[in-house]
Amino acid sequence: MCRLFINADPDLWKSDTHSLRIDGMVTSVRMEKYFWKLLEEIAQRDGMQTPQLITRLYHESIDAGHDLGNFTSFLRVCALRYQALQLQGEIPINPRVPIASLDADQILQREQQSRPH
């Protein structure tokens, strides 16, 4: 079983640091290349570059009242959530379908209904 993970391309877990500017402040984010790859895919679905997506996620999270004390962890969870929603059939595998075209409220409602009470 573990060979599926151990024999994967080791480049996937190498870290990369990307510098970006959010609200005029330069910040650096360090994550494994696999997470960068997923965030790039998410961004491209809606015609954005990865820094644009990250800035948008930051602003919308702040607007929603979230504490982003560990922003890098938040980005990792976003990437994993993207894959989980694809596996559940909520986000089409076809990368030409923009995330913005999906009904987020309905997806979140179905998710809430499927949680154990």
Side-chain angles (χ1 to χ4, degrees):
M1 172 198 103
C2 292
R3 285 182 44 219
L4 287 172
F5 306 109
I6 293 168
N7 292 331
D9 181 359
D11 197 49
L12 293 174
W13 65 78
K14 287 183 182 172
S15 291
D16 263 354
T17 301
H18 291 226
S19 291
L20 54 126
R21 187 177 302 271
I22 299 176
D23 296 337
M25 299 290 292
V26 176
T27 186
S28 294
V29 177
R30 183 174 180 81
M31 288 188 293
E32 297 74 16
K33 288 184 178 187
Y34 190 73
F35 289 110
W36 286 115
K37 178 179 167 257
L38 289 171
L39 291 173
E40 180 180 358
E41 182 178 317
I42 295 167
Q44 287 177 350
R45 289 183 79 131
D46 285 278
M48 289 185 270
Q49 298 295 317
T50 307
Q52 291 173 298
L53 170 69
I54 291 171
T55 299
R56 187 166 181 175
L57 285 168
Y58 177 83
H59 285 137
E60 290 187 16
S61 295
I62 295 299
D63 291 346
H66 296 297
D67 175 14
L68 293 178
N70 192 339
F71 188 57
T72 303
S73 291
F74 169 73
L75 293 174
R76 283 188 185 101
V77 169
C78 288
L80 292 174
R81 184 162 165 69
Y82 169 72
Q83 284 194 315
L85 288 169
Q86 281 186 317
L87 289 171
Q88 294 167 18
E90 295 289 1
I91 294 178
I93 299 296
N94 182 347
R96 290 188 301 262
V97 177
I99 303 289
S101 72
L102 305 176
D103 189 333
D105 291 332
Q106 283 188 355
I107 293 170
L108 292 166
Q109 186 176 28
R110 283 191 294 271
E111 222 176 20
Q112 179 124 16
Q113 290 170 348
S114 69
R115 286 186 194 139
H117 293 73

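For this chain, numbers begin at 1 and follow the sequence in order.
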Answer yes or no: is there a donor N or O on one side and an acceptor on the other, between the side chain of Asp23 and the main chain of Met25, under 3.5 Å?
no
Is it the case that over 12 heavy atoms from other parts of the model lie below 6.0 angstrom from the CG atom of Asn7?
yes
Mark yes or no for whether Asp46, through its side chain, and Met48, through its backbone, hold a donor-acceptor pair below 3.5 Å.
no
Counting C-beta onward and ignoring hydrogens, is there a side-chain heavy-atom pair between Thr50 and Leu20 closer than 4.5 Å?
no
Consider only side-chain heavy atoms of I, L, V, M, F, W and Y, link residues closer than 4.5 Å, and tell whether Trp13 and Met31 are in one cluster.
no
Any side-chain heavy atom of Leu75 within less than 4.5 Å of one from Phe71?
yes
Rounded distance (nearest 0.5 Å) linking atom CZ of Arg21 with atom CD1 of Ile54
15.0 Å
Should the heavy atoms of other residues, nucleotides or ligands under 6.0 Å from CD of Gln49 be counted, would the total exceed 12?
no
Please check if atom CZ in Phe35 has more than 12 non-hydrogen atoms from other residues, nucleotides or ligands closer than 6.0 Å.
yes
When hydrophobic residues are tied together by side-chain contacts of less than 4.5 Å, even through go-betweens, does Val77 share a cluster with Val29?
no
In Å, rounded to the nearest 0.5 Å, how long is the span from SG of Cys78 to CD1 of Ile42?
7.0 Å
If you compare all heavy atoms of Leu57 against all heavy atoms of Ser61, which two are closest, and at what distance to 0.1 Å?
O-OG, 2.8 Å
Applying a strict under-4.5 Å side-chain criterion to I, L, V, M, F, W and Y, I'd like to know whether Ile99 and Leu108 cluster together.
no
CG/Asp16 to CH2/Trp36 distance, rounded to the nearest 0.5 angstrom?
8.0 Å
Here the gap from Glu60 atom CD to His66 atom NE2, rounded to the nearest 0.5 Å, amounts to 10.0 Å
Can you tell me how far the CG atom of Leu102 sits from the CD1 atom of Ile107, to the nearest 0.5 Å?
5.0 Å
Sorted by first residue and then second, give each side chain to side chain donor-acceptor pair (under 3.5 Å) pair with at least one member in residues 74-86; sequence neighbours left out.
Glu32-Arg76, Tyr34-Gln83, Glu41-Tyr82, Arg45-Tyr82, Arg81-Glu111, Tyr82-Gln86
Qualifying salt bridge (Lys or Arg N to Asp or Glu O under 4.0 Å) pairs with a residue from residues 88-97, counting only residues at least two apart or across chains:
Glu90-Arg110
Working to the nearest 0.5 angstrom, can you tell me the gap between Lys37 NZ and Leu39 CG?
11.5 Å
